[in-house]
Amino acid sequence: MTDQLFLKMNDNFQIPVVGLGTWKSEPGEATYQAVLDSIEAGYRHIDTARAYGNEESVGSAVRDSGVNRGDVFVTTKLRWEDEGFESTIEACEKSLNRLNCDYIDLYLIHWPLREKRNHSWKAFIELRERGLCKSIGVSNFTIEHLAEIEAKFGILPAVNQVEFHPYYYQKELLDYCNSKNIIIEAYSPLAHAKRLDEPKLGAISEELGKTPAQVLIRWSIQRGMVVLPKSVNKSRIIENFSVFDFNISDSVMAKLDELDESFVTCWDPHNPPPYAPV
Ligand SMILES: NC(=O)c1ccc[n+]([C@@H]2O[C@H](COP(=O)([O-])OP(=O)(O)OC[C@H]3O[C@@H](n4cnc5c(N)ncnc54)[C@H](OP(=O)(O)O)[C@@H]3O)[C@@H](O)[C@H]2O)c1
């Protein structure tokens, strides 16, 4: 068994650094089993979203896992279609019903929707005051969006969940978030499995005696982030959590930094889709 690590957020709650991603994990048996397998492997952090359609399966598995609810950190997200003040409050209550739990550890605005995101953030502050969520954060926010929240509310998100891996090393955003005590959560940390056979990563992985996925996850941890690898495959779930027994040297970390090619695998707030302007 490996030891989980935690980071302390700006609201003083702790967050486990490795969480199981569940985007594209089919609702029902696949997600349910993946969450059970992850908890058995030692994960204590599950990342879901209204948009993934699998909150029920996540909630059932957390309940059936035999681990106390208070020891499993559950994140879900407000989908962009539900942004706005009243609709955010309602969406949170519905997510709680689907998860079948009393509170969400971390609730995120999934997308910085223009004209709506500030109403949603106001609702998030109220949801936290009412105890429906312990921590509140955002996802896919740029530096400009974060600065806007700070100027308007003075209450910064605990985390900003964005795409992050060596092939998309958003250093400026990471430095900004570090300076504001906002934790970056690295999503698609395996570059959505699209670079796992890339030769330079392969050479580093051979040198370290670790798999390419483990090297990418460890890189995120050592850059100070929370990291959310997704898998529905038990052996990969275990592999992706076996990242606490080695260290990448500074010189190899620097080589990994150099893999950056602004490779974006998911949606990009710098190039938003027309139906969800930022
Ligand atoms: N906030 C947002 O807008 C946003 C956007 C994207 C993602 N996310 C979150 O971040 C999580 C992770 O991102 P992601 O799902 O895009 O991609 P990812 O974790 O970078 O990669 C997942 C892919 O890699 C495969 N895989 C996992 N472990 C592997 C291993 N050890 N070796 C080889 N292949 C492996 C998975 O397949 P198998 O399942 O078959 O193993 C899957 O195809 C999501 O699930 C979600 O929770 C959030």
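In what follows, residues are counted from 1 in the order of the sequence shown. Atoms within a ligand are numbered from 1 in the order they appear, just like the ligands themselves.
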**OP:** Let me see the working for L256 and V215 under side-chain contact (heavy atoms from CB on, under 4.5 Å), right down to the final yes or no.
**Re:** CA-CA 9 Å; L256 288 164; V215 172; 3.8 Å; yes
Original post:
E55 and side chain to side chain donor-acceptor pair (under 3.5 Å): which partner among T48, T22, T76?
Top reply: T76
Original post:
Going by distance only, is there an N or O of K77 that falls short of 3.5 Å from an N or O of ligand 1?
Top reply: no
**OP:** Any chance you could lay out the side-chain contact (heavy atoms from CB on, under 4.5 Å) test for D82 and T88, step after step, and finish with the verdict?
**Re:** CA-CA 6 Å; D82 291 329; T88 293; 5.8 Å; no
**OP:** Scan residues 259-278 for pairs that pass salt bridge (charged side-chain N to carboxylate O under 4.0 Å, His left out), counting only residues two or more places apart or in two chains.
**Re:** R195-E261
**OP:** Check ligand 1 against Q161 and write out every atom of the ligand that is under 4.0 Å from a heavy-atom position of the residue.
**Re:** 1 (N), 2 (C), 4 (C), 8 (N), 9 (C), 48 (C)
Subject >> Note: K234-E40 ion pair, threshold 4.0 Å (strictly below) >> reply: yes
Subject >> Options L190, I109, I46, N140, ranked by nearest heavy atom to atom 3 (O) of ligand 1, top entry >> reply: N140
Original post:
Within the structure, does V232 bring an N/O atom to less than 3.5 angstrom of an N/O atom in ligand 1?
Top reply: yes
**OP:** Give the residue, atom name and distance (to 0.1 Å) of the protein heavy atom nearest atom 13 (O) of ligand 1.
**Re:** S188 N, 3.0 Å
Original post:
Would you say the ring centroid of H45 lies under 6.0 angstrom from that of F73?
Top reply: yes
**OP:** If you have a sec, work out which protein heavy atom is nearest atom 6 (C) of ligand 1 and how many Å separate them, to one decimal?
**Re:** Y187 CD1, 3.2 Å
Original post:
Which bit of Y52 is near ligand 1, meaning a heavy atom under 4.0 Å away: side chain, backbone, both or neither?
Top reply: side chain
Subject >> Derivation of the salt bridge (charged side-chain N to carboxylate O under 4.0 Å, His left out) call for K152 and E148 >> reply: CA-CA 6 Å; K152 212 167 166 49; E148 179 190 79; over 6 Å; no
Original post:
Of all the non-hydrogen atoms in the protein, which one sits nearest to atom 12 (C) of ligand 1, and at what distance?
Top reply: L228 O, 2.9 Å
Original post:
Which is closest to atom 14 (P) of ligand 1 by heavy-atom distance: Q214, R195, H192?
Top reply: H192
Subject >> Salt bridge flag under 4.0 Å for residues E81 and K116 >> reply: no
Original post:
Which part of K230 is near ligand 1, with near meaning a heavy atom under 4.0 Å away: side chain, backbone, both or neither?
Top reply: both
Original post:
What part of N240 sits under 4.0 Å from ligand 1 if we count only heavy atoms: the side chain, the backbone, both or neither?
Top reply: side chain
Subject >> Pick from C266, A193, S139, P189: the one approaching atom 24 (O) of ligand 1 most closely through a non-hydrogen atom >> reply: A193
Original post:
Taking the inter-plane angle between the rings of H145 and F141 on a 0 to 90° scale, is it parallel (under 30°), tilted (30 to 60°) or perpendicular (over 60°)?
Top reply: perpendicular
Original post:
A213 heavy atoms, cut-off 4.0 Å: which ligand 1 atoms fall inside?
Top reply: 30 (C), 31 (N)
Original post:
Do R69 and Y103 meet the cation-pi criteria used here (NZ or CZ under 6.0 Å from the six-membered ring centre, within 45° of the axis)?
Top reply: yes
**OP:** Would you please classify the geometry between the H192 ring and the W23 ring as parallel, tilted or perpendicular, with 30° and 60° separating the classes?
**Re:** tilted
**OP:** Identify the protein heavy atom lying closest to atom 44 (C) of ligand 1, giving its residue, its atom name and the separation to 0.1 Å.
**Re:** W23 CB, 3.5 Å
**OP:** Establish, yes or no, whether a centroid distance under 6.0 Å links the rings of F164 and Y187.
**Re:** no
Subject >> Atoms of ligand 1, numbered as shown, that sit under 4.0 Å from any heavy atom of P229 >> reply: 19 (O)
Original post:
If you count the atoms of ligand 1 from 1 in the order shown, which ones are under 4.0 Å from a heavy atom of D47?
Top reply: 9 (C), 46 (C), 47 (O)
Subject >> 4.0 Å heavy-atom contact, E239 with ligand 1 >> reply: yes
Subject >> Carboxylate-amine/guanidinium proximity below 4.0 Å for D257 and K171 >> reply: no
**OP:** Output the list of atoms in ligand 1 that are nearer than 4.0 Å to some heavy atom of A191, sorted by atom number.
**Re:** 20 (O)
**OP:** Identify, for atom 35 (C) of ligand 1, the protein heavy atom at the shortest distance, and state residue, atom and that distance.
**Re:** R236 CD, 3.7 Å
**OP:** Tell me yes or no: between the side chains of N140 and E163, is some donor less than 3.5 Å from an acceptor?
**Re:** no
Original post:
If you measure from each non-hydrogen atom of L196 to ligand 1, which part falls under 4.0 Å: side chain, backbone, both or neither?
Top reply: side chain
Subject >> Side chain, backbone, both or neither: T22 near ligand 1, heavy atoms under 4.0 Å >> reply: backbone
**OP:** Identify the protein heavy atom lying closest to atom 41 (O) of ligand 1, giving its residue, its atom name and the separation to 0.1 Å.
**Re:** S231 OG, 2.6 Å
Original post:
Should you measure from each heavy atom of H110, which atoms of ligand 1 turn up under 4.0 Å away?
Top reply: 1 (N), 2 (C), 3 (O)
